[in-house]
Amino acid sequence: MAEYMQHSYGLSCMARNATVELFVNGAPTALHASLEDMVWSWPVRDFLRDGTNRIDIAYEPINVAERNYTPNPDVAIQMELSRGRLPAAVLFNASYDMEQGRLAPRPKTIFGGNPVQGNVGSISRPRVGPEEPYVMEFGFGKGTRPEYSRMLGVEFQVDDPSLRDVAWAGTEPLTDTPEMRDALWQAMARLHQAVERKDRAAFVEIARPFLSRLAYMLGRPDAATMADFLFGKVSWASDEAGGMRPLLSRDEAQKVALHFGSDRRLVCFADYQVAALDRDGDFLSMLPVYFARQPGGPFLVCFSRDMA
């Protein structure tokens, strides 16, 4: 337990009057698309690396008074990263400045009113980059409007050798081509078949980067041991599972929407994840995974929002 706490990191994000999407080192991590305030917190040790890290914040302002998506001074976002029981480091704390036309940093936290402290323990030197136009995709053709939807990056240091590196380290940036889509479909088909047959060895082969990283973080020996643990825990590998939702066809894979990570190293078919059905043929659970590939290699599962 002491070793687990050593690299236990939690990311928190609070936002007001904004649709917000977060990417940690390129990995899609949180999406808030509600009129309510965003109050989100999640363990992110699996997504961090020793050294330079980056969180991309995509947002679209919500103007509640005018009932539209236009900039207003009430747009605010605050993001914090904590390690173990130490106080949180404030990585980003800003509200919309109408004169500057962007989110501008504030000296005191917007949600709390405390002085901003960006250097705490092993977390240090947060640096905020410029805002760039960006459209958030919600699936099935829905997304934010391009007029005021923006993304900005926050780089920061984490000095913690125990973190090592993320599961998609060294993978290549991806371009949407017919060849890339076909290779992605083949990887998804391998995953679908492994889960359908409850074939642990095949599952390890297609998901080795993800499983190896998770095994290390949870103190387990290797990817195979991690797969054994998952197969004893998740509903899609249990007696509840009665089959799989049909896989999209190879031809369909050339036409449907893709969802990329913010640095385009992680990718999945946006609306067609592998999913298990129960014995009545109803939806049971999904495998929300993203694939990546080393240069010259096949696509492998490298990230999951929630494998359970």
Output, in order, the C-alpha distance, side-chain angles, deciding distance and verdict of side-chain contact (heavy atoms from CB on, under 4.5 Å) for Arg150 and Leu103.
CA-CA 10 Å; Arg150 300 287 183 268; Leu103 288 171; over 6 Å; no

Parallel, tilted or perpendicular: rings of Phe23 and Tyr134 (30°, 60°)
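Because their plane-to-plane angle is over 60°, the rings of Tyr134 and Phe23 count as perpendicular.
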
In terms of relative ring orientation, are Phe299 and Phe291 parallel, tilted or perpendicular, with 30° and 60° separating the classes?
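Ring orientation, 0 to 90° scale: perpendicular.
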
Given Leu258 and Arg181, is the side-chain contact (heavy atoms from CB on, under 4.5 Å) satisfied, shown in steps?
CA-CA 9 Å; Leu258 299 176; Arg181 283 174 173 264; 3.6 Å; yes

Kindly check if the number of other-residue, nucleotide or ligand heavy atoms within 6.0 Å of [atom1] ([X]) is above 12?
X: Arg197; atom1: CZ; value: no
X: Lys198; atom1: NZ; value: yes
X: Phe231; atom1: CZ; value: yes
X: Asp282; atom1: CG; value: yes
X: Trp40; atom1: CH2; value: yes
X: Glu36; atom1: CD; value: no

ILVMFWY cluster, [X] and [Y] together (side-chain gap under 4.5 Å):
X: Met14; Y: Ile55; result: no
X: Phe210; Y: Leu184; result: yes
X: Leu31; Y: Phe92; result: no
X: Leu284; Y: Leu277; result: no
X: Met79; Y: Ile110; result: no

Has the side chain of Thr70 got a donor or acceptor atom that lies under 3.5 Å from a matching backbone atom of Asn63?
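Not at all, since once roles are kept as given, no pair shorter than 3.5 Å links the two residues.
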
Backbone N or O of Asn93 within a donor-acceptor pair of the Arg106 side chain at under 3.5 Å?
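A pair under 3.5 Å: no.
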
Should Phe47 and Tyr9 be marked as a ring-ring contact (aromatic ring centres under 6.0 Å, His included) after you check the CA-CA gap, both sets of side-chain angles, and the distance that decides it?
CA-CA 10 Å; Phe47 316 157; Tyr9 289 83; over 10 Å; no

Heavy atoms only: give me the nearest Ser262-Met151 pair and the separation to one decimal.
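Nearest heavy atoms, Ser262 then Met151: CB-CE, 4.1 Å.
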
